[in-house]
Amino acid sequence: MFGLSQPTWNICQLGAVFFFNFFSFFTLSALSQTLIESVAETEGINRHAGYYSAFLTYLVFTVGHFVATPIVEIISPKWSIVSGLVGYAMFEAAFLWMNEYFLYFSAACAGFSGSLLWTGQFDYLAQNCQPHTLDRNSSNLWGLSQISLIFGGAYLLMLYRFQTGNEFQMPLIRTVILSFLVCTLVSIVIGFFLPKPHYRAERYQVPYLKHLCEIVKISFDRNLLFLLSTFLYTGMELSFYSVVFPTMVSFTKALGNTRDLNAISSIFVGIGNVSGCFALSVLGARVREIGRKKMVLFAAVLHMTCFLLAFLMFPNESPLQPTDEIGPYVVFISGFFLGVGDTIFNQQCYTILSDIYDHDKRIEAFAVYRFYQSAASCVVMFYSAQALLKTHIIILSTFCVLATVTFFGIRVPEKYPVTPSAEMLEVKEC
C-alpha cells in the first residue's frame, strides 16, 4: 500500500495510533501539575494532586504487568491497544471536573490500561519485524509517536492566544481537555482498523501461575540483571522530562511568559525525540556495527549535559512552587538533549531485548523491562511532591552513570538471521 511493504504499513498505522494518543495523554501529563496548581484553591483540590495522580498511574502500571502479558496473549495485541486507549480517555475526562477522588481513580485505571497498551504495542511491533528491520521499524514507530510532542506544543501555543496572563482558568482547561479527548477517540478508531501482524507468532498456552514464574525466572537472567539500572533510569528520566521539567519551566517566573515557554519546551523535547528517531532509522542495521553500547554512552553524555545545565541555571525550588529567582534560557537546549537521549535509551532497550530473546521469552523480558521502568517512574512521582531540584539532579545523574556502565556488561549474540525466526509464520493474504 502506497509503495510500502505490509509490515511497514502496519507499523505506520500503529504509529498513527500512538501519535494521537501521545498528543493528548503526554501533553496533558506535562501540563497536569501546572493545571492543578492554577485551580487548586477555587476547585478545592490538593495542589500536588498532579504528582500524586501520576504516582498512582505508575504504581498500577507497575503491578499491571503481572497480568498484562497473558491478557495480551488471549485478546491479541490489537485489542489490548484499543482497551488501553479507553482507560487513557477516562483519565483525561477527569480534568473536566477536577474532582480529586475521581482523578485518583481514573489515574489508577490509566495505569492498568497502560500496561495493556504498551505490552500490546511491543508484541505488535515484534510481529511485524524481521531481525534486520527491527531497528528501522522501531525507530519509525517511536518517531511517528514523538512528532505529537511538536504538534502538542504548537497547539498549546495557539490556544494560549485566547488567554491573558500565565494562569489557567477552568474554561480554557475544559477546551484543552475536550480537544485531547477527541484525539484519543481518533486513536481508538484507528486502533480498531489495525491489520493483523504480518508475521504471526506461535502461541504457547501457559498457565497463569507458570507464566508468572517464567517472568520471575527470566528477571534473574544475566543480561536482564545488567539491564536493571538502564530500565530503572529510563523510568526516572521519563518522569523528569514529562512532568518535573515542564513544571520547573512553568514555575520559574523570571523566564517571562512561562506558559508559552512550557509549550515551546515540549516542542523542543519532541524535536529531540524525532531527531534521534530519524538518525536511528537512517542508520538502521548499522546501529549494530556502530555498537549499541556506544549509542547509550552518547545518550548518557547528552543527559548529563542537560542535568548540569538544569543544576546550574534553574532555581532549586522550581519543581515545587512558583519562584521569582533568575532562571536563564536553557529551556530549549535542555529539552532537545532530553528528547534525543530519551529516544536512544528507549530504542536500545526495545531492540536489544529482541536481539537477545526469542519470541517465547521476549514478551516476558519486555514485561520485566516495563515493570522496572514503571516502578522507577512511580517512585520519582512520589518524591517529586517534596524534592528540590538538586535532589532530582543528584539521583538522575547517579542512575545515568550506573545505567551506562552496566549496559556495557550485556552479552549480545554476534550473528543475526536475515529471515524471520522459525517461530514466526508469515500471514498470507487471502
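Quick note: residue numbers are just sequence positions, from 1.
Between Phe382 and Phe55, the ring centre distance stays below 6.0 Å. Aromatic rings from Phe307 and His392 are positioned such that their centres are separated by 6.0 Å or more.
Looking at Asn223 and Ile352, their side chains never come closer than 4.5 Å, going by heavy atoms from C-beta outward. The closest side-chain heavy-atom distance from Leu35 to Leu28 is below 4.5 Å. Side-chain contact check for Met304 versus Ser397: some heavy-atom pair is nearer than 4.5 Å. Within the 4.5 Å cutoff, no side-chain heavy atoms of Leu227 are placed close to those of Tyr372. Within the 4.5 Å cutoff, side-chain heavy atoms of Ser187 are placed close to those of Thr184. Contact of the Arg370 side chain with the Phe61 side chain is registered, since non-hydrogen atoms from C-beta on lie closer than 4.5 Å. Counting heavy atoms from C-beta on, the side chains of Gln348 and Thr230 never come closer than 4.5 Å. By the 4.5 Å heavy-atom criterion applied to side chains, Ile36 and Leu103 are counted as neighbours.
Leu56 CG to Met381 CE: the interatomic distance, rounded to the nearest 0.5 Å, is 11.5 Å. For the atom pair CE (Met236) and CG (Leu396), the distance works out to 5.5 Å, reported to the nearest 0.5 Å. For the atom pair Ile190 CD1 and Ile81 CD1, the distance stands at 12.0 Å (nearest 0.5 Å). To the nearest 0.5 angstrom, Phe91 atom CZ is 8.5 Å from Ile177 atom CD1. Cys129 SG to Tyr124 OH: the interatomic distance, rounded to the nearest 0.5 Å, is 11.0 Å. The structure places CG of Asn128 at 10.0 Å from CG of Asp123, a figure rounded to the nearest 0.5 Å.
Remark: side-chain polar atoms of Arg47 are not paired, donor with acceptor, to backbone N or O of Glu41 under 3.5 angstrom.
The nearest pair of heavy atoms linking Asn137 to Ile11 is O-CG2, 3.6 Å. Nearest heavy atoms, Phe95 versus Met170: O-CE, 4.1 Å. Ala403 approaches Thr406 most closely through the heavy-atom pair O-OG1, 3.3 Å. Considering all non-hydrogen atoms of both residues, Cys277 and Gly143 come closest at SG-N, 3.2 Å. Considering every non-hydrogen atom in both Arg222 and Gly409, the closest pair reads NH1-O, 2.9 Å. Summarising the geometry of Leu96 relative to Leu181, their closest heavy-atom pair is CD1-CD1, 4.0 Å, with the distance given to 0.1 Å.
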Review point. For Val380 and Phe240, what are the C-alpha separation, side-chain angles and deciding distance, and is it a side chain to side chain contact (heavy atoms under 4.5 Å, CB included)?
Key: CA-CA 8 Å; Val380 172; Phe240 181 77; 5.8 Å; no

Practice item. Using the side chain to side chain contact (heavy atoms under 4.5 Å, CB included) rule, take Asp221 and Val368 through it: C-alpha gap first, then chi angles, then the decisive distance, then the call. Key: CA-CA 11 Å; Asp221 179 75; Val368 173; over 6 Å; no

Exercise for review: Mind running side chain to side chain contact (heavy atoms under 4.5 Å, CB included) on Leu224 and Tyr357 for me, showing each step along the way?
Suggested key: CA-CA 11 Å; Leu224 284 185; Tyr357 299 102; 3.3 Å; yes

Practice item. Quick one: do Phe112 and Val67 satisfy side chain to side chain contact (heavy atoms under 4.5 Å, CB included)? Show the steps, please. Key: CA-CA 9 Å; Phe112 181 72; Val67 296; 3.4 Å; yes

Review point. What do the steps show when you test Phe231 against Tyr369 for ring-ring contact (aromatic ring centres under 6.0 Å, His included), and what is the final call?
Key: CA-CA 6 Å; Phe231 293 163; Tyr369 163 41; 4.8 Å; yes

Indicate every side-chain donor-acceptor pair of residues 148-155 with a distance under 3.5 Å to a residue at least two apart or in another chain.
{"unit_1": "Ser148", "atom_1": "OG", "unit_2": "Ser145", "atom_2": "O", "d": "2.5"}
{"unit_1": "Tyr155", "atom_1": "OH", "unit_2": "Ser179", "atom_2": "OG", "d": "2.7"}

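Between the side chains of Asn346 and Gln373, at least one donor N or O sits under 3.5 Å from an acceptor N or O. Under 3.5 Å, the side chains of Asn273 and Thr343 contain a donor-acceptor pair of N or O atoms. For the residue pair Glu92 / Tyr88, no side-chain donor-acceptor distance below 3.5 Å is found, with atom types taken as modelled.
Taking the six-membered ring where the residue is Trp, Phe23 and Phe180 present perpendicular rings, their angle passing 60° and hence far from 30°.
When the shell of 6.0 Å around CZ of Phe278 is examined, it contains 12 or fewer heavy atoms from other residues, nucleotides or ligands.
Applying the side-chain contact (heavy atoms from CB on, under 4.5 Å) test between Phe192 and each of Val17, Val82, Leu85 identifies Val82 as the sole match. Of the options Trp118, Phe371, Phe122, a ring-ring contact (aromatic ring centres under 6.0 Å, His included) to Phe366 is made by Phe122 and by none of the others. In summary, of the residues considered (Val189, Leu185, Val186), a side-chain contact (heavy atoms from CB on, under 4.5 Å) with Phe20 occurs for Val186 alone.
For Ser53, the side chain to side chain donor-acceptor pair (under 3.5 Å) test picks out no residue, with sequence neighbours left out.
Sorted by first then second residue, the side chain to side chain donor-acceptor pair (under 3.5 Å) pairs that include residues 300-310, not counting sequence neighbours, are Tyr233-His303.
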